[in-house]
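Have a look at the structure below, then the notes.
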Amino acid sequence: MKTELTRRLKIEYPVLQAPMAGGPTTPDLVAAVSNAGGLGSLGAGYLTPEQIRNAIREIKGKTDRPFAVNLFVPEQPSTPDHTIAEMNGYLNKYRLDMGIALNPSIPKFAESFDEQAQVVLEENVSVFSFTFGIPPKNIIQSMNQKGIVIVGTATTVVEAIALEAAGVDAVVAQGSEAGGHRGSFLASSADTMIGTMALVPQIVDHVSVPVIASGGIMDGRGLVASLALGASAIQMGTAFLASMESGAHKAHKQKILSSNEDATQVTTIYSGKAARGILTGFMKDMSNYEGTIPDYPIQNALTRDIRQAASHVSNPEYMSLWAGQGLRLAQDHAAAEIVKQTVEQAELLIKSIGHLGERS
Ligand SMILES: Cc1cc2nc3c(=O)[nH]c(=O)nc-3n(C[C@H](O)[C@H](O)[C@H](O)COP(=O)(O)O)c2cc1C
């Protein structure tokens with residue numbers, strides 16, 4: 001189970017818990033995965049700099065092993081004001097339905113990436129990962145100088161090559177099965193829906209940095225398959241979403257544990273950016289919207305009050321239920337158990353390699 005990346009990251013097993021912004025990756029989850037020999041990751045994209053600092057310190061209080069902090073590379077949305085106003089007006093019907101204030105004022109659409117990254121630098125985190133693009137050169141250089149391992153996200157070979165040229169130490173190859181937001185940044189998500197099985201070996205052939213397979217990987221079988229495709233590690237999100245330490249909403253966890261492989265769709269309706277989640281009433285209803293959906297992160301900010309109100313009353317139909325296509329394999333075990341099971345199953349499989357293809 002030792003790979004180029006386990007050595008570089010100073011971890012025991014090539015198993016990364018995916019960063020999952022919006023609550024699932026609690027300090028308890030991150031620390032539990034790192035303590036179990038994998039690499040926990042804090043999804044910090046939506047957190048204020050102060051919240052990031054506090055979370056990092058909390059994780060450090062629970063583990064002395066390496067872990068990652070993940071941020072969203074900012075984009076320049078180009079949505080005209082009237083499109084935003086139109087959407088905000090349309091969303092009022094859901095606000096009415098839920099008894100919350102209409103036309104909320106939104107002071108800012110997203111946190112400052114520079115300030116967030118500054119905290120990652122100051123707090124001496126071992127690994128910095130990111131998605132949605134490539135951070136400015138000065139940030140990559142500062143991370144590098146501090147010895148922080150830098151991990152970027154690609155959904156195509158061209159994106160992986162661009163990340164390597166920008167100086168990352170490893171690339172996450174995010175296949176189209178993946179739950180949550182697509183990391184695509186050089187072409188539209190709709191044009192880059194490449195499955196993990198096809199994506200990983202093609203990226204491996206075109207970059208020299210280690211590749212981390214991600215998307216639809218749920219257990220030791222996915223780990224062995226990924227290593228066989230040339231990956232140096234796996235990054236699993238959905239597999240940890242319903243774990244005991246995950247901060248995902250109870251209704252989200254229940255949906256994960258009771259849904260099948262055909263339950264998800266890719267939608268831009270919640271945030272303005274393509275993301276895979278379990279089909280909800282909100283997704284169905286908003287598919288009738290005839291206007292233009294504002295770009296990320298504007299749409300994300302516009303729907304926030306509706307998603308939060310739905311969380312308060314445990315109504316999954318208005319929540320974003322991000323999940324990948326491996327749903328049926330999700331379990332509600334402790335995170336350490338998920339790491340252990342994955343590694344043990346992979347080790348057994350590797351031992352019985354001569355019998356692969358036969359069902360046990
Ligand atoms: C609930 C959820 C939130 C996510 N948030 C992030 C994030 O903040 N940053 C990131 O790089 N990837 C994020 N992802 C994508 C994961 O990094 C990873 O690509 C994905 O979970 C892999 O697919 P799987 O869910 O089938 O394991 C998220 C995924 C999920 C399910």
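All ligand and atom numbering here is 1-based and tracks the order in the structure.
Polar contact check, Thr238 against ligand 1: a nitrogen or oxygen pair lies under 3.5 Å apart.
Using a non-hydrogen distance threshold of 4.0 Å, Ser214 registers as a contact of ligand 1.
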Open item on the list: For Lys253 and Asp332: C-alpha separation, side-chain torsions, deciding distance, then whether salt bridge (Lys or Arg N to Asp or Glu O under 4.0 Å) applies.
Closed with: CA-CA 8 Å; Lys253 289 186 175 183; Asp332 56 358; over 6 Å; no

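Every atom of ligand 1 is numbered from 1 in the order shown, and the set under 4.0 Å from a heavy atom of Gly324 is 26 (O). The Pro19 neighbourhood of ligand 1 comprises atoms 4 (C), 5 (N), 6 (C), 7 (C), 8 (O), 9 (N), 10 (C), 11 (O), 12 (N), 13 (C), 14 (N), 17 (O), 28 (C), with distances under 4.0 Å to a heavy atom of that residue. Taking every heavy atom of Gly180 and a limit of under 4.0 angstrom, the matching atoms of ligand 1 come to 29 (C), 30 (C), 31 (C). Below 4.0 Å from some heavy atom of Met236 lie the following atoms of ligand 1, by number and element: 27 (O). Of all atoms in ligand 1, numbered sequentially from 1 with element shown, those under 4.0 Å from a heavy atom of Gly215 are 22 (C), 23 (O), 26 (O). Listed by number with element, the atoms of ligand 1 under 4.0 Å from a non-hydrogen atom of Gln235 are 17 (O). Every atom of ligand 1 with a heavy atom of Thr131 under 4.0 Å away is listed here by number and element: 9 (N), 10 (C), 11 (O).
Distance from atom 26 (O) of ligand 1 to its nearest protein heavy atom, with residue and atom name: Gly216 N, 2.8 Å. Remark: minimum distance from atom 31 (C) of ligand 1 to any protein heavy atom is reached at Gly179 C, 3.7 Å. The protein atom (non-hydrogen) at minimum distance from atom 2 (C) of ligand 1 is Met20 CG, 3.6 Å. The nearest protein atom to atom 1 (C) of ligand 1, hydrogens excluded, is given as Trp322 CB, 3.5 Å; this is a heavy-atom distance. Counting protein heavy atoms only, atom 9 (N) of ligand 1 is closest to Asn70 OD1, 2.8 Å.
Ile150 and Asn144 make their closest contact through CD1-N, 4.0 Å (heavy atoms, listed as atom of the first residue, atom of the second, distance).
Ion pairing of Glu75 with Lys273 is present here, as a side-chain N (NZ or NE/NH1/NH2) and a carboxylate O approach within less than 4.0 Å.
Put simply, the residue from Arg7, Lys2, Arg65, Lys340 that forms a salt bridge (charged side-chain N to carboxylate O under 4.0 Å, His left out) with Glu12 is Arg65.
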